[in-house]
Amino acid sequence: MRKKTKKIYVGDVAVGGDSPISVQSMTTAKTSDIEKVVAQINALEEAGCDIARSAINSIEDAKAIVEIKKRTNIPLVADIQFDYKLALAAVEYGCDCLRYNPGNIGGSDKVKLLVDKCKEKNIPIRIGVNSGSISREIVDRFGGVNSDSLVASALEEVKILEDMDFTDIKISVKSSDVNTMIDAYRKLSDKVDYPLHLGVTEAGPLYQALVKSSIGIGSLLKDGIGDTIRVSITGDILEEVKAGKAILKALNLRRDGLDIVSCPTCSRTTVNLPEIVKEVEEKSKGLDISAKVAIMGCPVNGPGESKEADYGISAANGMGFLFKNGKTIKKVREDEIVDTLIETLIESKEDENRPS
């Protein structure tokens, strides 16, 4: 069962409580390059991203927030490092959330200025702890960078904010080591009721990042821990969103778009299953249909697997059976399989939307 945490709002997206787990990503263009950032955020939204984050490295970056917000729809988190003045500017120019590492924007007097400004604008703060940003004092106290020092760093900053009567907080304790990351979030979840943002930081290139993030994020979500996630990938930011959505789908925590179940193929496969799956992916884009679809090329396991999905194809020897909710509804040739499936999905969607 998912742990119920405090609900906060990042723009109009609820985080924590009973709200859906949200998917985040981060822009890579300089934030002052408004055209590129707007294009990236809109592409992220189209891919299913709920919240975007951009680094604010200059006053020009902060000023750009105004125009970026006018031309995009999803909330924008301002990522701040070292300069509290940029954090103040980001809030003033309209960001929906601030994210900073504990201790790197100055003493409590600087934090108090941020807290006052965030209270005035109803802006939450994400305390973002990374294994590379823990203070030397905490590292020495806990014998290195480990789950305990990550949690201690987060709790120290939480106390500073709470002492200033600020509780619109979410927290992350990311590490590039999967075991450390999992242990840290479990320990932190036992100590706070604030929403937690999950991620394996610096997870590497695509396949490595997918494995690390699926294990780290997936393990915690299965424990009921986590309110928002980011899959960190060195490469295309749209892949981060696709991966995040896939993790949530795999745990039945999100259903938007098709959840495709397909066999890996073997010598029993007599149709071009990889091509069929690819074609279904391409032709189903933009349909706004949520369903589990099994695409099977095995005459042994295919019929049973197909019947367990909302929709299913079991194909062999140039022919395919189309299933809906466990019942066979059509038999078609292999070259008609995909179009028949897509037509059936569209018809079912239209039936659902038709007034009763």
- request: Not counting sequence neighbours, which residues clear salt bridge (Lys or Arg N to Asp or Glu O under 4.0 Å) with R333? List them please.
  value: D335, E336
Spacing of D83 atom CG and K110 atom NZ [to the nearest 0.5 Å]: 10.0 Å
- prompt: Any donor and acceptor pair, going by atom type alone, linking the side chain of S213 with main-chain N or O of V231 inside 3.5 Å?
  reply: no
field: side-chain hydrogen bond (donor to acceptor under 3.5 Å, both in side chains) evaluation trace for S32 with E60
entry: CA-CA 6 Å; S32 57; E60 288 75 25; over 6 Å; no
Neighbour count >12 (heavy atoms, 6.0 Å) for atom CD, E45: yes
- line: Taken to the nearest 0.5 Å, the spacing of I127 CD1 from Y100 OH works out to 6.0 Å
- prompt: Is the backbone N or O of I233 less than 3.5 Å from a side-chain atom of E240, with the two atoms forming a donor-acceptor pair by type?
  reply: yes
query: So, S189 side chain and R186 main chain: donor-acceptor pair closer than 3.5 Å or not?
result: no
- request: Keeping the roles fixed (side chain from Y311, backbone from A291), state whether a donor-acceptor pair exists under 3.5 Å.
  value: no
Donor-acceptor contact below 3.5 Å, side chain D96 vs main chain V10: no
- request: Could you tell me whether the side chain of S149 and the main chain of G144 form a donor-acceptor pair under 3.5 Å?
  value: yes
message: Tell me if a side-chain donor or acceptor on D236 pairs with a main-chain N or O of L238 at a distance below 3.5 Å.
response: yes
query: Sequence neighbours excluded, which residues qualify as side-chain hydrogen bond (donor to acceptor under 3.5 Å, both in side chains) partners of T5?
result: D227
message: With heavy-atom distances below 4.5 Å as the criterion, would you say the side chains of N42 and V38 are in contact?
response: yes
- request: Verify, without hydrogens or angle tests, whether K30 (side chain) and A55 (backbone) share a donor-acceptor contact under 3.5 angstrom.
  value: no
task: Tell me, please, which residues at least two apart from K174 pass side-chain hydrogen bond (donor to acceptor under 3.5 Å, both in side chains).
output: H197
